[in-house]
Every structure is written in structure tokens, then in C-alpha cells.
Amino acid sequence: MATRRPWRQLLDLSALSFPSSISDATSRIAQNVSHFFSNYTLIVLIILFLSLIYHPFSMIVFLIVFAGWYFLYFSRDEPVSVFNLAVLDDRAVAIGLGIITVVALILTHVWLNVFVSLVIGIALVCLHAAFRGTEDLVMDDQESPYGPMLSGGTAGPYAPV
């Protein structure tokens with residue numbers, strides 16, 4: 001299953017604080033987007049869905065594409081493999097499904113709704129990610145850019161001290 005985090009952890013009000021600088025804000029955005037990627041994806045999809053309320057045909061197309069999101073991204077337990085040759089990670093699947101979603105909705109002539117809702121969704125995600133502190137996040141070794149060093153692995157051009 002995609003690494004969806006508990007909503008209580010995402011919406012924890014005690015974890016909200018002002019970033020001390022622009023570099024702190026960008027660092028928080030990078031860490032929070034990495035940690036809450038599936039949650040943020042679902043939030044953007046909900047905003048996109050709500051923008052289609054007055055376009056029933058586009059909403060039907062979105063629900064069909066969302067079935068693909070559900071089966072290929074949100075509910076699977078194993079990685080997606082392409083003809084048993086390559087294994088796709090969660091982000092590649094999300095990017096592919098995102099492109100399919102946007103193209104399918106643009107073909108139903110709601111490109112302005114799609115554009116505005118994506119801008120609003122991405123702005124809300126960045127705003128939340130910038131204000132949510134990262135001190136309480138426990139990242140898996142595979143998620144962390146320092147994973148091999150933390151787990152004692154030998155990957156990388158450095159020597160253990």
C-alpha cells in the first residue's frame with residue numbers, strides 16, 4: 001500500500017509553527033511532502049473533484065480515472081511491475097496517474113477548472129508543509145536521504161567512522 005500516514009499525524013495542530021527562514025520553509029516542504037506524499041496526493045485529488053461539481057460528464061470521467069488511482073496507487077500491497085521487467089515506485093505511479101488524470105479532464109473541456117484546482121491544491125499543500133514542523137517525523141531509512149548511513153549500509157562513497 002502507498003505510504004499513507006495517519007491523518008491525525010498530518011493534522012496535528014501542535015506540530016504547526018512558523019519557519020525561521022526561507023531555507024527552513026523549503027526544507028520543511030521537502031521533508032513533509034516526502035513523508036506525507038500519499039496524503040497530500042489525496043488532498044489535491046479531492047480539491048480537483050470538488051472543482052468538477054458543475055460538470056457532470058467531467059466528474060464521471062474523473063471517477064473512472066480515480067478507480068485507477070485507487071487500484072494502482074492507494075490500495076495495492078505490492079509494487080507495480082511492468083511486464084515483470086521493471087518495478088515502478090510510488091512516485092512514478094503517482095506522476096503517471098496524475099498526467100492521465102489531467103489529460104482526461106482537459107479532453108472534457110474543463111482545463112481552466114483543472115488548472116485552478118491544481119494551483120489551489122498545490123498552494124495549500126505547500127502552505128501546510130511549510131508550517132508543519134518536522135521534528136516529530138520518524139522517517140524510514142529508505143525515505144531519508146541519509147538512509148544508507150543511518151542503517152549501517154555500505155552504499156555510497158564514504159567510509160564508516
Side-chain angles (χ1 to χ4, degrees), residues 1-13 15-16 18-19 22-134 137-145 147:
M1 183 182 229
T3 54
R4 190 175 60 232
R5 306 296 180 177
W7 289 101
R8 194 171 279 163
Q9 183 183 13
L10 178 79
L11 301 173
D12 183 14
L13 294 177
L16 296 178
F18 285 104
I22 297 293
S23 65
D24 183 33
T26 56
S27 173
R28 284 183 179 193
I29 290 171
Q31 288 178 341
N32 282 322
V33 167
S34 176
H35 191 75
F36 295 112
F37 188 76
S38 295
N39 300 73
Y40 286 148
T41 301
L42 191 57
I43 289 170
V44 171
L45 286 172
I46 289 170
I47 292 170
L48 183 59
F49 177 75
L50 292 174
S51 75
L52 300 173
I53 287 179
Y54 295 111
H55 303 281
F57 180 69
S58 298
M59 191 176 277
I60 292 169
V61 169
F62 177 83
L63 290 173
I64 291 169
V65 174
F66 188 77
W69 275 97
Y70 180 75
F71 289 113
L72 291 175
Y73 187 71
F74 290 114
S75 72
R76 64 182 167 77
D77 291 330
E78 301 168 1
V80 175
S81 64
V82 180
F83 302 116
N84 291 330
L85 297 174
V87 176
L88 301 176
D89 68 335
D90 285 345
R91 293 184 195 263
V93 173
I95 290 169
L97 287 169
I99 291 170
I100 290 170
T101 303
V102 169
V103 169
L105 290 175
I106 287 174
L107 291 176
T108 63
H109 306 292
V110 290
W111 66 271
L112 186 60
N113 284 40
V114 170
F115 177 74
V116 169
S117 62
L118 287 177
V119 167
I120 290 170
I122 291 170
L124 285 176
V125 163
C126 287
L127 189 65
H128 178 271
F131 282 98
R132 192 197 187 289
T134 58
L137 298 182
V138 177
M139 297 180 72
D140 297 333
D141 286 348
Q142 286 75 27
E143 289 180 60
S144 172

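Just so you know, these numbers come straight off a predicted model, no measurement behind them.
- A 6.0 Å sphere centred on CG of Leu112 holds more than 12 heavy atoms belonging to other residues, nucleotides or ligands.
- Rounded to the nearest 0.5 Å, atoms CD1 (Ile64) and CE (Met59) are 13.0 Å apart.
- A side chain to side chain donor-acceptor pair (under 3.5 Å) check over residues 97-107, counting only residues at least two apart or in different chains, returns the pairs Trp69-Thr101.
- Between the side chain of Ser34 and the main chain of Gln31, no donor-acceptor pair closer than 3.5 Å is present.
- To the nearest 0.5 Å, atom CG of residue Leu11 and atom CZ of residue Phe36 are 8.5 Å apart.
- Applying the ring-ring contact (aromatic ring centres under 6.0 Å, His included) rule to Tyr70 yields no partners; only residues at least two apart in sequence or on another chain are considered.
- Heavy-atom minimum distance, Phe62 versus Leu48: CE1-CD2, 3.8 Å.
- The side chain to side chain donor-acceptor pair (under 3.5 Å) test applied to His55 returns Asn113, not counting sequence neighbours.
- Take Phe131 and apply the ring-ring contact (aromatic ring centres under 6.0 Å, His included) test, not counting sequence neighbours, and it matches Phe18.
- Remark: Ala104 engages Val61, Val65 in a side chain to side chain contact (heavy atoms under 4.5 Å, CB included) (not counting sequence neighbours).
- Here Asn39 contributes atom CG and Asn32 contributes atom CG; the two are 10.5 Å apart, rounded to the nearest 0.5 Å.
- The side chain to side chain contact (heavy atoms under 4.5 Å, CB included) search around Leu50 returns Ile46, Ile53, not counting sequence neighbours.
- Applying the side chain to side chain contact (heavy atoms under 4.5 Å, CB included) criterion to Ala130, with sequence neighbours excluded, gives Ala25, Ile29.
- Distance check, rounded to the nearest 0.5 Å: CD1 of Ile43 to CG of Leu124 gives 8.5 Å.
- Pairs engaging residues 58-67 under the side chain to side chain donor-acceptor pair (under 3.5 Å) rule: Ser58-Thr108 [sequence neighbours left out].
- Listed by first and then second residue, the salt bridge (charged side-chain N to carboxylate O under 4.0 Å, His left out) pairs that reach into residues 23-42 are Asp24-Arg28, sequence neighbours excluded.
- Between Leu97 and Thr41, every side-chain heavy-atom pair lies at or beyond the 4.5 Å cut-off.
- The side chain to side chain contact (heavy atoms under 4.5 Å, CB included) check on Val125 picks up Val33, Tyr40, Val44, with sequence neighbours excluded.
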